[in-house]
2 protein chains.
Amino acid sequence: MPTSRSYRDSCGIARALDVVGERWALLVVRELLLAPQRFSELRHALPHVSSNLLADRLRELEHNGVIRRGLAPGEGPRVYELTEWGRTLEPILLALGDWGVDAPQPPPPTALSATSVLIFLQHAARPDPAAPPTNCRLELDGRVWTVRLASGRVQVQPGEPATAAASLRAEPKTLSAMLADPATLATACADGSATVVGDLSVIDRLLRAVSDPWPISDQTGTPQERHSEMAGPHTR
Amino acid sequence: MPTSRSYRDSCGIARALDVVGERWALLVVRELLLAPQRFSELRHALPHVSSNLLADRLRELEHNGVIRRGLAPGEGPRVYELTEWGRTLEPILLALGDWGVDAPQPPPPTALSATSVLIFLQHAARPDPAAPPTNCRLELDGRVWTVRLASGRVQVQPGEPATAAASLRAEPKTLSAMLADPATLATACADGSATVVGDLSVIDRLLRAVSDPWPISDQTGTPQERHSEMAGPHTR
DNA sequence: CGGGATCCGCGGGGATACTG
DNA sequence: CAGTATCCCCGCGGATCCCG
């Protein structure tokens, strides 16, 4: 039975919290920022949420117009995806993430979600616009992602790339550390905490697209700041 | 006993929600955006929160560095106020309020918090920079506020103004309607839902500082958009 | 009287087992 | 694989009480 309590305040903030203020709701939205996801994928990405609660949240978010069930014609995959309105939460979630990592209290030894790192990667990377388009394959937390560097942007998509110049497998925390400091790529490869197949220099370029200083006149902050903000205290 | 559950994710979003994701936490922050507040003032502004829960939230927010207890030298008023870090939540809350009023589901007949209207007023008003500084007195929900129009901005402060050109008393919803459409000021005065003392034209200028189109080259949206966004569905 | 603390019932959150 | 059913417990909510 979905939750049905309200702050009973017409204020926009209170109304927003009526919709996405319940526990786990905004983290479900975070998971859907990158791509539509299936129920089991959400469960795997959010290992501490119970299945009944996840089902409740998905029902509520769908009822409130934040997400929708992907149309399943015939053998459709039956995924959950953000509505247009739900997608407009993205800048708010990014700002909230920026705010959260400035918390004075360092968190206890916690995991780092793969989605968090990928969202940051997509959001903060500024690859050389002059470089030719390149595909990378990323294996994170048992899931494969396609990372496309093209036209000065990075796009992250779920699934195997058609072609890839290089492939990287690592823990989210390891990748996060490499994004903060590309020099750790070599040591991570050496001690086995990261595995690279293909052109190592392409991976290095990807990492530097985040960690290297941006061209001036860019909108907000330095990549280092932004990364530590998304990825957590282990980079500060 | 304050809440002590965590999402156990180093992601900045999850860490932010660990700090301000519990129920009522962000509405407490909203109340403190305008000015430091006492316990009883918060209870009055948030009539649906129980006292023990409010005390818990204040403790947690203080422990996490979002608010602090105002220093009480001698007979100090013992207020709660945002820390510098807590204050950086302001743009996030404003964006969340913008998002919330676009909810497709119109809320049931609910109240409108006075703080919500005042925050919007302060945030969205663009008075004529050439006009001389003016003070207004606002009585909203039994509380008196000083509204200062000066140098192209509006500042809202708690308490009686030293001097005021005009005074307005009304319900939050009435003021919200007047901000959306200044023409309702006259009818509200006529039917007694608003009371003006002093120079009526000054109140009208205040209302039009929000509802009139902004000078182009201003940052975001039109006042009408922004107001409906903060103030709720009754203006849409 | 303001500023909480204590008590208690309820409902949402969390874990596990089970089913279409 | 995608949820549902069941249980327990704690956070929430309302009321009352307490203390300076």
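Atom set for the values below is all heavy atoms of this structure, side chains included, hydrogens, waters and symmetry mates excluded.
Side-chain atoms of B/Arg8 lie closest to C/dA15 of the nucleotides C/dG13, C/dA15, D/dG13. Counting only heavy atoms from C-beta on, B/Glu22 has its side chain closest to D/dC12 among D/dC12, C/dG12, C/dG4. Considering only side-chain atoms of B/Asn52, the nucleotide from C/dA15, C/dT6, C/dG3 that sits closest is C/dT6.
In this entry the distance linking CG of B/Leu42 with P of C/dG2 reads 14 Å, nearest Å. If you measure from atom CZ of B/Arg38 to atom P of C/dC1, you get 14 Å, rounded to the nearest angstrom. Following rounding to the nearest Å, B/Asp18 (CG) and D/dG11 (P) show an atom-to-atom distance of 14 Å. Rounded to an integer number of Å, the gap from A/Leu53 CG to C/dA15 C1' is 11 Å. The nearest whole Å value for the distance from the NE2 atom in A/His48 to the C1' atom in C/dA15 is 13 Å. Atom CG of B/Asp56 and atom P of C/dG3 are 17 Å apart (whole Å). As rounded to whole Å, 12 Å separates atom C1' of C/dC1 from atom CZ of B/Arg78. Look at CD on A/Glu60: it is 13 Å from C1' on C/dG11, rounded to the nearest Å.
Residue-level contact check: A/Ser40 touches the backbone only, with heavy atoms under 4.0 Å from sugar-phosphate atoms and none from bases.
Between the side chain of B/Ser51 and the base of C/dA5, at least one donor-acceptor pair of N or O atoms lies under 3.5 Å.
Contact check for A/Val154 versus A/Leu206: side-chain heavy atoms found under the 4.5 Å cut-off.
Of the residues near DNA chain D, A/Ala55 and B/Arg23, the one whose nearest nucleotide (by heavy atom distance) lies more toward the 5' end is A/Ala55.
Cation-pi geometry between A/Arg87 and A/Trp85 is not met: the NZ or CZ atom fails to fall both under 6.0 Å from the ring centre and inside 45° of the normal.
Between A/Trp24 and the phosphate of C/dG14, there is a side-chain N or O to OP1/OP2 separation shorter than 4.0 Å. In terms of phosphate contacts, B/Arg43 brings no side-chain nitrogen or oxygen within less than 4.0 Å of OP1 or OP2 of D/dG13. Phosphate contact (OP1/OP2 of C/dG4, side-chain N/O of B/Tyr80, threshold under 4.0 Å): present. Under 4.0 angstrom from either OP1 or OP2 of C/dG13 there lies at least one side-chain N or O belonging to A/Arg57. Regarding contacts with the backbone of D/dG11, every side-chain N or O of A/Arg5 stays at 4.0 angstrom or more from both OP1 and OP2.
There is a side-chain donor-acceptor pair under 3.5 Å between A/Glu31 and A/Thr115.
Considering CG of B/Leu34 and CG of B/Leu118, their distance stands at 5.5 Å, rounded to 0.5 Å. Residue A/Ile13 holds its CD1 atom at 7.0 Å from CG of B/Leu96, rounded to the nearest 0.5 Å.
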